[in-house]
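The next block holds one structure in the form of structure tokens; read it before the comments.
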Amino acid sequence: MRRTAFFLFLVALGGLAGTVWRSRTTTTGIPSVVPPDGKTPTGFSFSDITARAGIQFRHHNGATEKKFLVETMGSGGGFFDYDGDGYPDIYLVNGASLEGEPGPNPPRNALYHNNGDGTFEDVTRQSGTGDTGYGMGCAMADYDNDGDPDIYVTNLGPNVLYRNRGDGTFEEVAAQAGVADPQWGASCLFADVDKDGWLDLYVVNYIALSLEEDRYCGRLEPGYRAYCHISDFDAAADVFFRNLGDGTFIDWTRPSGLLRPDGKGLGVVGGDFDNDSDIDIYVANDTTANFLFRNLGDGTFEEVGVLLGAAYGEGGEPEAGMGLDAADYDEDGWLDLFVTNFALETNSLYRNAAGSYYENRTYRAGLASPSLTPLAFGALFLDLDLDGFLDIAVVNGHIQDRIALYYEHQTHGQPNQLFRNRGDGTYVDVSGSGGPAFLERRVSRGLAAADFDLDGDLDLLVTNCNDGAQLLENRTDHENHWVTLMLLVGNPPRAAIGARLLARIAGENKVREVVAGGSYLSQREPWIHLGLGAERRIDRLEIRWPSGSVEIIADVEADRRYRCIEGEGLTEIRTGSRRP
């Protein structure tokens, strides 16, 4: 009876929505989830400290009555320590005007310096990082190996590369570096996929969108115009730029085997998915099959998403992939995948079966029901209560701003979600305990994480479309222990993207990796945050560096932040201390 009623609901909704965007909408609201053992789950607690922290950023989407799809898809942001003082700073990407002149004070991207006292200072103008293009996503990494992280920004139009001068200022060098891709860019990542010691750049492109075209979708009544369906647009091929090591890149998409003109990409993550010590790439595509590019170890890739079961949803059809992340959620030593999708599709949890195939565990993990109705974007695996198990955070928001005109119980803004890992391969929805920020209905897009206040637990940055960004401080009540590891390579040292950690804790192994990319249009802090639960030390650390070398460190004390440069062992970091 319940299935019949739900089917009739879908039929009715499809008949209504088909006149606008082909039945891609549903009601909002987070279903109540009861854990299998019937016990009340332990939750998480966050406090919105945006105003107190001094962050006044507001995203502008440049919305017009022409309903250009780009208006509803952005933007992102992230954490990175641009000045090397040990505190994560924040970069936020903004939109722009789509019609007419931008005016004397156009919207621009923003850089906020972490003052180390719980507040941030807007240093956009003096740093030179306030791009005024129509921004989407960003990635921060040291592409020129000078010890300072740089910023890459994807736009609707030419992308931007800010080279960090090391004195608090940046210069824009995208054209000189050869990476000013003019398409509609979405998520992006830096990773050394060919192991030559230089970070390469993968840029996900979405669709071919022309602002000269006035395409009408929706009911032919005043006020009912809607954003057109993604199937009405041609795909835009992703681009892979190989780093030449002299400050420039070359388009190496075709020679690398990464050219796929059929993907409508939004999210990307890079990690060692087959445990062969090089970085593979997974792309979340919207209404087309997701891509899983296996690194063959010689600078080329092969696409194996369909072959290994990571391209489609539970029903064997492509879904509307938005955001994603990769981590070993079930502690078996293999990186698994989590992908956010459109309403009525559920999100997807792909369990990596020892590299041989991916098993869709969404239903068995308890993630299907609570993810059925929301439209999800940014997502991350992260241990929010430091119990040693990777939880999941997801941010939601519909793309149709006038959805309530077509279905009275649907809303544009939607609550964000938190899922607690119960340690047995299943999750429970604890969103209701997250605090007021997880009860609000916003149109959220990007999600990033960092320990911005250096207290050992991970805080969240949420970006919202045509709204203010949110900094959420983690105030979860627990007595668990932790270790933060800054893994660095080179001289001067830089983040070891692709490094893998095997920690032996009280007889159990935990694998963590410094993955590239992830979430949606956003970037997390590039350090490993390892929850230890009740344990006060790590018995043994085994670090596999991107170079292939392996370093073993014994007896690591908990509740400390450590710097580990390849070959030099651990050094405890005092609060706010600068790197060597």
Side-chain angles (χ1 to χ4, degrees), residues 79-89 113-118 140-142 147-149 166 382-388 390 449-459 473-474 476 478-515 524-547 549-580:
F79 290 102
F80 75 128
D81 183 8
Y82 79 90
D83 59 351
D85 65 356
Y87 288 95
D89 308 299
H113 175 260
N114 189 334
N115 295 323
D117 59 0
M140 288 76 87
D142 183 10
D148 300 298
L382 64 181
D383 186 355
L384 293 174
D385 57 358
L386 304 176
D387 66 351
L390 293 172
D451 180 12
F452 87 88
D453 49 6
L454 308 189
D455 63 353
D457 54 28
L458 285 169
D459 312 292
E473 183 184 8
N474 190 340
T476 301
H478 62 79
E479 296 181 356
N480 294 324
H481 300 281
W482 53 274
V483 164
T484 297
L485 292 159
M486 299 172 63
L487 302 183
L488 303 165
V489 296
N491 184 23
R494 55 195 180 274
I497 297 172
R500 176 171 285 208
L501 179 76
L502 173 63
R504 186 74 172 172
I505 306 168
E508 301 289 334
N509 289 330
K510 292 191 179 296
V511 170
R512 299 290 185 266
E513 186 168 316
V514 185
V515 299
R524 83 199 86 197
E525 182 181 37
W527 312 133
I528 289 179
H529 298 270
L530 187 60
L532 307 183
E535 302 302 321
R536 295 180 178 273
R537 61 196 333 100
I538 299 173
D539 300 324
R540 182 178 184 271
L541 284 179
E542 179 179 311
I543 304 170
R544 190 194 70 196
W545 297 100
S547 65
S549 68
V550 176
E551 191 167 349
I552 297 175
I553 302 168
D555 196 22
V556 179
E557 190 173 356
D559 304 326
R560 300 284 191 278
R561 301 171 68 244
Y562 296 96
R563 177 184 292 110
C564 184
I565 301 174
E566 182 177 6
E568 297 185 13
L570 295 184
T571 302
E572 184 180 346
I573 305 171
R574 300 299 178 183
T575 301
S577 62
R578 297 185 63 86
R579 61 169 179 259

Expected output: side-chain [X] to main-chain [Y] donor-acceptor under 3.5 Å:
X	Y	value
D383	G388	yes
Y562	G569	no
D89	N114	yes
D459	D451	no
D385	T476	no
E551	G567	yes

Suppose we screen for side chain to side chain donor-acceptor pair (under 3.5 Å). Which residues come up paired with T571, at least two apart in sequence or across chains?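 Result, side chain to side chain donor-acceptor pair (under 3.5 Å) vs T571: none returned.
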
Do the side-chain N and O atoms of H481 and D559 include a donor-acceptor pair separated by under 3.5 angstrom?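 Judged by distance alone, the side chains do pair up.
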
H113 and D83: side chain donor to acceptor below 3.5 Å: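 There is such a pair between these side chains.
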
So if I apply the salt bridge (charged side-chain N to carboxylate O under 4.0 Å, His left out) rule between D555 and each of R540, R536, R537, R504, which one comes out positive? R537

Any side-chain heavy atom of [X] within less than 4.5 Å of one from [Y]?
X	Y	value
I528	T484	no
L384	D457	no
L386	H478	yes

About how many Å separate [atom2] of [Y] and [atom1] of [X], when rounded to the nearest 0.5 Å?
X	Y	atom1	atom2	result
L454	R561	CG	CZ	4.5 Å
F452	Y87	CZ	OH	11.0 Å
E542	R500	CD	CZ	10.5 Å
I565	L570	CD1	CG	11.0 Å
D539	I553	CG	CD1	14.0 Å
E568	L488	CD	CG	9.5 Å

If you look at every heavy atom in [X] and [Y], which pair is closest and at what distance?
X	Y	result
W482	N480	CD1-O, 4.3 Å
C564	W545	O-CH2, 3.3 Å
P88	E525	CG-OE2, 3.1 Å
D142	G147	OD2-N, 2.7 Å
D81	G86	OD2-N, 2.9 Å
A503	I538	CB-CG2, 4.2 Å

How far apart are the C-alpha atoms of R494 and V489, what are their side-chain angles, what is the distance that settles it, and do they pass the side chain to side chain contact (heavy atoms under 4.5 Å, CB included) test? CA-CA 5 Å; R494 55 195 180 274; V489 296; 4.2 Å; yes

Identified side-chain contact (heavy atoms from CB on, under 4.5 Å) partner of L501 from the options L485, V514, V511: L485

Could you walk me through whether L502 and R544 pass the side chain to side chain contact (heavy atoms under 4.5 Å, CB included) check? CA-CA 8 Å; L502 173 63; R544 190 194 70 196; over 6 Å; no

